[in-house]
Amino acid sequence: MDNLINIIGNNLGKIRKDKGYSLDQIAQLTGVSKSMLAQIEKGKKTPTVTTLWKIANGLNVSLSLLMMEPQPSVQIMKVDNSPHLIEDDGKYMTCPFIPFDEETKFEVYKMDLKPGGIHKSNPHSKGIKEYVFVSTGNIEIEIEDKVYKASGGEAVVFPGDVYHTYKNVGENTVSTFVLLFYHNR
């Protein structure tokens, strides 16, 4: 986890400098305090998934751009090699699987929810479309107060720029891949 904290901090610092922003400006764009941003950039504070999304959305970058080291042009992707973010007392796990690519305009995350696991997601940047492919288990996704259910071998496609909540109400772990398509980037 220490390595991930440093990667996030280094990437945030690089993005900030590349865009010519001060910490005050990033705080205004993201809704994350200047002191929290400084701690993250120095590798002294581990941000939550929600905080990382606020930063990514405010800076108009993908979440994986904050979390991943630069990659070669041809590679074999392995979930085990990606940094994992764990919340909800270990019931929610996500990690970048395929980082954002400027040409294809998408990125893919692995997401697992253990029984009883819940993850509330704030709206992503305007125009993002979300594709949730369920590998195993049964998931409920609440999108703007309506609940959609999907099982292994099914997918839910929806606008990612609205509030949405993932829930595992079953007895087994739900395993998914989530593709985020950035139409406007």
Side-chain angles (χ1 to χ4, degrees), residues 1 3-5 7-8 30-32 46-58 61-68 71 75-101 104-185:
M1 190 61 142
N3 190 38
L4 176 59
I5 295 167
I7 291 169
I8 291 169
T30 62
V32 177
T46 304
T48 65
V49 174
T50 301
T51 300
L52 283 174
W53 273 115
K54 285 181 179 180
I55 294 168
N57 288 338
V61 299
S62 70
L63 181 67
S64 64
L65 186 62
L66 289 170
M67 296 177 57
M68 301 293 288
Q71 302 294 318
Q75 56 193 308
I76 295 175
M77 309 305 289
K78 295 182 182 181
V79 170
D80 293 342
N81 293 344
S82 296
H84 290 57
L85 297 173
I86 299 169
E87 291 185 353
D88 192 18
D89 295 322
K91 293 180 183 175
Y92 168 78
M93 184 284 302
T94 190
C95 66
F97 182 58
I98 300 174
F100 178 75
D101 181 302
T104 61
K105 308 272 189 231
F106 75 83
E107 61 187 338
V108 178
Y109 292 86
K110 173 86 168 94
M111 179 181 73
D112 290 339
L113 283 169
K114 292 183 180 177
I118 296 173
H119 177 68
K120 294 182 180 187
S121 182
N122 289 322
H124 304 301
S125 299
K126 187 94 177 125
I128 289 182
K129 195 158 199 173
E130 196 157 333
Y131 299 76
V132 180
F133 303 93
V134 183
S135 298
T136 59
N138 301 298
I139 194 167
E140 285 187 1
I141 305 174
E142 185 178 330
I143 306 164
E144 294 190 313
D145 300 323
K146 187 167 182 187
V147 175
Y148 300 86
K149 297 179 181 186
S151 301
E154 297 179 330
V156 179
V157 180
F158 60 94
D161 56 4
V162 298
Y163 287 97
H164 49 285
T165 301
Y166 304 100
K167 296 179 185 177
N168 180 352
V169 294
E171 296 178 12
N172 299 309
T173 297
V174 174
S175 185
T176 69
F177 288 92
V178 179
L179 183 145
L180 298 178
F181 178 67
Y182 295 81
H183 176 70
N184 296 330
R185 291 230 174 121

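Numbers for residues simply follow the sequence, beginning at 1.
The one candidate from Tyr182, Phe181, Phe106, Tyr109 that meets the ring pair (Phe, Tyr, Trp, His ring centres under 6.0 Å) condition with Phe100 is Tyr182.
Atom-to-atom distance recorded for Leu66:CG and Trp53:CH2 is 9.5 Å, nearest 0.5 angstrom. The distance from atom NZ of Lys114 to atom CE of Met93, rounded to the nearest 0.5 Å, is 9.5 Å. For the atom pair Thr94 OG1 and Leu63 CG, the distance stands at 7.5 Å (nearest 0.5 Å). In this structure, Met67 CE and Ser62 OG are separated by 10.5 Å, a value rounded to the nearest 0.5 Å. In this structure, CD in Glu144 is found 10.5 Å from CD in Glu142, a value given to the nearest 0.5 Å.
At distances below 3.5 Å, not a single donor-acceptor pair connects side-chain atoms of Ser121 with backbone N or O atoms of His164. At least one donor-acceptor pair closer than 3.5 Å links the side chain of Glu87 to the backbone N or O of Val49. In terms of modelled atom types and a separation under 3.5 Å, the side chain of Asn3 and the main chain of Ile7 share no donor-acceptor contact. Under a 3.5 Å cut-off, the side chain of Asp88 and the backbone N or O of His119 do not form any donor-acceptor pair. A donor-acceptor distance shorter than 3.5 angstrom exists from the side chain of Asn168 to the backbone of Leu113, with no hydrogens or angles considered.
Side-chain contact between Ile118 and Thr165: present, with at least one pair of heavy atoms (C-beta onward) separated by less than 4.5 Å. Contact of the Leu85 side chain with the Leu52 side chain is registered, since non-hydrogen atoms from C-beta on lie closer than 4.5 Å. Using a 4.5 Å heavy-atom threshold, the side chains of Val132 and Phe158 count as touching. Taking 4.5 Å as the limit, some side-chain heavy atom of Ile143 sits within range of a side-chain heavy atom of Val162. With contacts defined as side-chain heavy-atom distances shorter than 4.5 Å, the pair Val79/His84 qualifies. At a threshold of 4.5 Å between non-hydrogen side-chain atoms, the residues Lys129 and Val157 count as touching.
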request  = Might you work through the side chain to side chain contact (heavy atoms under 4.5 Å, CB included) test for Met111 and Ile139, ending with a clear yes or no?
outcome  = CA-CA 11 Å; Met111 179 181 73; Ile139 194 167; 4.0 Å; yes
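For the residue pair Lys110 and Ser175, a side-chain donor N or O sits within less than 3.5 Å of a side-chain acceptor on the partner.
Atom CG of Asn172 is surrounded by 12 or fewer heavy atoms from other residues, nucleotides or ligands within 6.0 Å.
Shortest non-hydrogen contact noted between Pro99 and Ser64 is CA-OG, 3.5 Å. Minimum interatomic distance between Pro123 and Asn57 (heavy atoms only, all atoms of both residues): O-ND2, 3.1 Å.
Judged as a salt bridge (Lys or Arg N to Asp or Glu O under 4.0 Å), and not counting sequence neighbours, the contacts of Lys126 are Asp161.
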